[in-house]
**Q** 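Submitted below is the structure of interest, expressed as structure tokens.
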Amino acid sequence: MLPYDLIILGAGAAGLMAAAHQRSRKVLILEHNSRPGAKIAISGGGRCNITNQNLSSSYYLGDPKFVEKVLNRFDNEALIAFLRHHGLEPVVRKECQYFCPDRAQALTDLLLRAAPSVEISYETEIFGAQKPGELFVVETSKGEVYAKKLLIATGGLSYSSVGATGIGYEIAESFGHGIVPLRPALVGLTLQPEQVWMKELSGLSLSVTVQVGRRLLEGDILFAHRGVSGPVLLDASLYWNQGKITVDFLPGRRFKSLFGSSAKTAASQIPLPKRFVKAFFSALALPNIPYRSMREGQKQRLSLLKSYAFAPAGTFGYAKAEVTKGGVATDEIDPETMQSRLVDGLYFAGEVVDVTGRLGGYNFQWAFSSAVVAAKSV
Ligand SMILES: Cc1cc2nc3c(=O)[nH]c(=O)nc-3n(C[C@H](O)[C@H](O)[C@H](O)COP(=O)(O)OP(=O)(O)OC[C@H]3O[C@@H](n4cnc5c(N)ncnc54)[C@H](O)[C@@H]3O)c2cc1C
């Protein structure tokens, strides 16, 4: 059998975008699902948050210089121009996020249309790859296939229910690449027994600021049965590995100005839902008395409304995580080409690489930017 010019591993966001931008003659995509773009279909509430008006490396975890070089070569404007050229007009929601106007499937259909000559082998499990000579040999459930170049676009470990596996990391490692430790990210955080009071607030959402490391993030926290979630906590999970995170439940308000010397109970003066205030007071053993009557220690405990620090126990895990942080180390990849610095003809794109974006369309933008850079250089 004649070798392919290029084999792409994975028919997800990055693999399909690479296929739509490659100029090789004989290209094969290997995919174990029976359909392409499984994560595109379930993303953004079924409408896929494709990208964001505000794009820079500061929205990513990873080497900022590396990220910037790749994004600059195919940025949000280039992505939108590409989509428009192929008949999809994204809509802006939540002020700055671009979504598909209707179903996310339209994006996958567009990518398939833009790569008409590419062969896709579905229901084909990838087991591994080697390069014993000039050619790459990919081992699959349907036998071996050969290629001059190989693009790894198999994504991360999150959501194995729609096809995620760690095969991309395994293949990269087998070629000598380092893997930055993998962790679930954009995921809810579980709590220690001392924070059990938060679980009792399941379903409640509040606007807060969260400090994690040196990052200050704002947005909604959602109290959940398993722990804490919501957009701001999902973003916080990107930067959290261990240690404490600190929540300000009253962002933009000065603590002391809430109470003055009023004779009203402190609880009744806190501009937060009663259910929250009741749980907070009970967890911190605070009495239902005016602020002016509180002892110093009680006042200090109450002021934790502005800086409640706690160490999460862990995360909700890969099954619930939107992405996997960590991945193939970027110092071994050339950002001008997305080619391995270790193995000639080996390329990477998408989530398998050690670059992870915040909520808001940043992960698809990364998948698409890195895929276009790789495809053009192939
Ligand atoms: C619920 C959810 C919602 C999300 N919403 C958004 C959003 O709105 N905006 C955003 O920017 N990001 C979102 N993301 C993240 C985004 O989906 C991913 O970052 C993006 O899909 C990564 O693209 P990729 O091509 O690298 O990997 P994927 O899209 O995961 O593609 C990898 C492909 O490789 C295939 N594959 C894996 N292992 C094998 C194997 N052994 N054999 C054969 N095939 C294999 C998989 O089946 C898959 O088709 C969301 C993720 C989830 C889980």
Side-chain angles (χ1 to χ4, degrees), residues 7-20 28-52 55 59-61 76 79 90 93-94 97-100 104 107-108 111 120-129 138-142 145 151-171 184-187 231 234 238 316-325 327-328 338 348-372 374-375:
I7 291 180
I8 299 173
L9 306 184
L16 294 174
M17 186 56 106
L28 172 69
I29 305 185
L30 298 173
E31 169 60 54
H32 64 169
N33 287 339
S34 54
R35 302 175 53 148
K39 275 195 189 163
I40 295 176
I42 59 165
S43 66
R47 285 197 168 186
C48 184
N49 181 191
I50 308 165
T51 186
N52 202 294
L55 181 67
Y59 294 96
Y60 291 88
L61 186 67
N76 46 358
L79 173 59
R93 289 163 68 196
K94 301 182 191 169
Q97 295 169 232
Y98 286 97
F99 284 80
C100 287
L107 176 58
T108 303
L111 293 170
I120 308 185
S121 179
Y122 293 111
E123 296 176 1
T124 307
E125 189 72 31
I126 302 156
F127 296 137
V138 184
E139 295 130 36
T140 79
S141 52
K142 293 184 180 165
V145 272
L151 170 61
I152 300 183
T154 41
L157 292 173
S158 315
Y159 268 68
S160 59
S161 55
V162 291
T165 73
I167 192 66
Y169 308 116
E170 286 170 34
I171 296 175
L186 303 188
V187 64
L234 297 190
L238 194 57
F316 292 5
Y318 286 114
K320 297 278 175 199
E322 287 201 9
V323 287
T324 302
K325 65 179 167 182
V328 181
M338 292 306 290
F348 298 97
E351 202 177 313
V352 75
V353 178
D354 175 31
V355 174
T356 314
R358 283 170 58 171
L359 285 186
Y362 294 105
N363 286 297
F364 279 126
Q365 178 68 55
W366 169 254
F368 294 144
S369 299
S370 54
V372 171

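Here, residue 1 is the first one in the sequence, and each next residue gets the next number. Note that ligands are numbered from 1 as they come in the structure, with each ligand's atoms numbered from 1 the same way.
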**Q** Select all protein residues for which some heavy-atom-to-ligand 1 distance is less than 4.0 Å, and list them by chain and number.
**A**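 Gly10, Ala11, Gly12, Ala13, Ala14, Glu31, His32, Asn33, Lys39, Ile42, Ser43, Gly44, Asn49, Thr124, Glu125, Ile126, Ala153, Thr154, Gly155, Tyr159, Gly163, Thr165, Ile167, Glu322, Val323, Gly350, Glu351, Gly361, Tyr362, Asn363, Phe364, Ala367.
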
**Q** By the definition side-chain contact (heavy atoms from CB on, under 4.5 Å), identify the one residue from Leu157, Asn363, Val323 that meets it with Glu351.
**A**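 Among the candidates, only Val323 passes.
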
**Q** Find the distance between NZ (Lys39) and SG (Cys48) and round it off to the nearest 0.5 Å.
**A**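 Output value for this atom pair is 12.5 Å.
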
**Q** Can a cation-pi geometry be assigned to Arg47 and Phe99, taking NZ or CZ under 6.0 Å from the six-membered ring centre and within 45° of the ring axis?
**A**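 No - Arg47 does not lie over the ring of Phe99 by the 6.0 Å and 45° rule.
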
**Q** List in chain and number order the residues that pass ring-ring contact (aromatic ring centres under 6.0 Å, His included) with Tyr362, two or more places apart in sequence or in another chain; answer none if no residue qualifies.
**A**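 Residues passing ring-ring contact (aromatic ring centres under 6.0 Å, His included) with Tyr362: Tyr59, Tyr60.
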
**Q** Which residue pairs pass the side chain to side chain donor-acceptor pair (under 3.5 Å) test with at least one member in residues 152-164, sequence neighbours excluded?
**A**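 Residue pairs passing side chain to side chain donor-acceptor pair (under 3.5 Å), neighbours aside: Ser158-Thr324.
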
**Q** List in chain and number order the residues that pass side-chain hydrogen bond (donor to acceptor under 3.5 Å, both in side chains) with Thr51, two or more places apart in sequence or in another chain; answer none if no residue qualifies.
**A**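 So Thr51 forms a side-chain hydrogen bond (donor to acceptor under 3.5 Å, both in side chains) with Gln365.
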
